[in-house]
Amino acid sequence: MAVQPLKDQNIAVIGGGLGGLCAALCFARRGASVTVYEQAPSFEEVGAGIQVASNGLRVLRALGLDPSSAFQGEGTTLHDHLGRRVAVLPNSSSREVRLFHRPELLGLLEAGCQDAGVRLELGAKITPEDAPEADLFVAADGVKSAFRAHVAPDLAAPEFSGQAAWRALVRPPKPITRGGVSVYMGPGAHVVVYPIQQGELINVVVGEDTAERAAEGWQQEVSQADMAARLSAFGGPVGELIGRAEKVHLWGLFNHKLPPRWSEGNVVLLGDAAHAMLPYMAQGACMAFEDAWALAASWEKYDDPDAALGAYESLRVPRVARVMKAVRANATRFHHSNAVARVIGHTGLRAVSTLAPGLIARQFDWLYNYDVTKV
Ligand SMILES: Cc1cc2nc3c(=O)[nH]c(=O)nc-3n(C[C@H](O)[C@H](O)[C@H](O)COP(=O)(O)OP(=O)(O)OC[C@H]3O[C@@H](n4cnc5c(N)ncnc54)[C@H](O)[C@@H]3O)c2cc1C
């Protein structure tokens, strides 16, 4: 992007996570003067995997970033909890997924920001009361956003969903050279497995129904034995993988309502600050990347800030709401606790996958084929 349509604009981005750094780069590539304020002493992501699907990859590539160092996933395969194949969701020319180690993805965005001249202020915790001067504040301060309460003070507090996510990394006996995402669907839980870091590591994420309320965030380390006990019904490769997991962390999953508005004055919400969602479509960060592009494009298009922020919200709310609806459907599909419902559900999926290969995957074309950089 050689043109500098936003060269007179000062943009402050609060939060240097995946959404904040992507937003910073979207504005900087349009010529804006951008500062990212991150409360942590360094840019940090947890040592876990993250899937970035085609709709998110389009944003990264449009920003001049090259995701090819990440593991190229070969589609998604659904299994039952004993490891028997239920359905295959293949990749296609417009559907791709890259499997990143999170620090690798954050590093890619950070390098892009450095290259584009973004100022990066670390150890800088900003509150709505002491925000520095800027034309626009992009609040990308994550799931526990302080700016969300400023923008939408009447928003109901998030509620514990009755589910938790466990994550662990496992080192395979030898590096994996080919593969994709495997999902194992069992009673009250599902397990997602995929290779990262040139196949040197396997990322394992478990979504589990639980009455035990856990905190929202990865701070809680739990024992490998606990995770193994909870997944004792799982056979196939899952049991073996869990047995080799070293550190296990737990994240309590909360239902967040979408705020009735995404901006107040010159403060606008982006990423998890606007729409934290359950991880069952692996789309939270992809939605943040789409937000980032859409916001910078609207800010460039409209002279009037209210019109720009209104256009951003109008574009993003229906899209994010549709993804959140698909997430809820997956929560049911993946976690049939009732054995009869599970067998019926899996039999149906297996039949459709066999009789009409590609049909299940095509149901999500609206999600993966979307290109926010062309809207
Ligand atoms: C189990 C699990 C699996 C997931 N898997 C996927 C996946 O495969 N694919 C996918 O697309 N998404 C996935 N997600 C979702 C994804 O991780 C999030 O949507 C994404 O990381 C959100 O990025 P963010 O920048 O909005 O927020 P965050 O990453 O939380 O970043 C917020 C940043 O703001 C900083 N901050 C907070 N307050 C302040 C302040 N007052 N001042 C300054 N800085 C501040 C924080 O320190 C932090 O660095 C998953 C989520 C979970 C829980």
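Every number for a ligand or one of its atoms is a count from 1 in the order of the listing.
In this pair, W366 and F364 present their aromatic rings tilted. The plane angle is within the 30 to 60° band.
A donor-acceptor pair under 3.5 Å links the side-chain atoms of R319 to the main chain of L367, judged by distance alone.
Salt bridge D115/R29: present, at least one basic N to carboxylate O contact under 4.0 Å. Ion pairing of E44 with R102 is absent here, as no side-chain N (NZ or NE/NH1/NH2) approaches a carboxylate O to less than 4.0 Å. We find that R230 and E208 are joined by a salt bridge, their nearest charged nitrogen and carboxylate oxygen being less than 4.0 Å apart.
Within the model, atoms CG of N255 and CE of M324 stand 8.0 Å from one another, a figure rounded to the nearest 0.5 Å.
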Please tabulate protein-ligand N/O pairs under 3.5 Å for ligand 1, atom names and distances to 0.1 Å.
residue: ligand 1; atom: 8 (O); partner: Q51; partner atom: N; Å: 2.9
residue: ligand 1; atom: 9 (N); partner: Q51; partner atom: O; Å: 2.8
residue: ligand 1; atom: 9 (N); partner: A282; partner atom: O; Å: 3.1
residue: ligand 1; atom: 11 (O); partner: A282; partner atom: O; Å: 3.3
residue: ligand 1; atom: 11 (O); partner: A285; partner atom: N; Å: 3.0
residue: ligand 1; atom: 11 (O); partner: C286; partner atom: N; Å: 3.2
residue: ligand 1; atom: 12 (N); partner: G284; partner atom: N; Å: 3.3
residue: ligand 1; atom: 12 (N); partner: A285; partner atom: N; Å: 3.1
residue: ligand 1; atom: 17 (O); partner: R102; partner atom: NH1; Å: 3.0
residue: ligand 1; atom: 17 (O); partner: R102; partner atom: NH2; Å: 2.9
residue: ligand 1; atom: 19 (O); partner: D272; partner atom: OD1; Å: 2.7
residue: ligand 1; atom: 19 (O); partner: D272; partner atom: OD2; Å: 3.4
residue: ligand 1; atom: 19 (O); partner: A285; partner atom: N; Å: 3.3
residue: ligand 1; atom: 25 (O); partner: L18; partner atom: N; Å: 3.4
residue: ligand 1; atom: 25 (O); partner: G19; partner atom: N; Å: 2.8
residue: ligand 1; atom: 26 (O); partner: D272; partner atom: N; Å: 2.9
residue: ligand 1; atom: 41 (N); partner: I126; partner atom: O; Å: 2.8
residue: ligand 1; atom: 42 (N); partner: I126; partner atom: N; Å: 3.0
residue: ligand 1; atom: 44 (N); partner: Q39; partner atom: N; Å: 3.1
residue: ligand 1; atom: 47 (O); partner: E38; partner atom: OE2; Å: 2.7
residue: ligand 1; atom: 47 (O); partner: Q39; partner atom: NE2; Å: 3.1
residue: ligand 1; atom: 49 (O); partner: E38; partner atom: OE1; Å: 2.7
residue: ligand 1; atom: 49 (O); partner: E38; partner atom: OE2; Å: 3.3

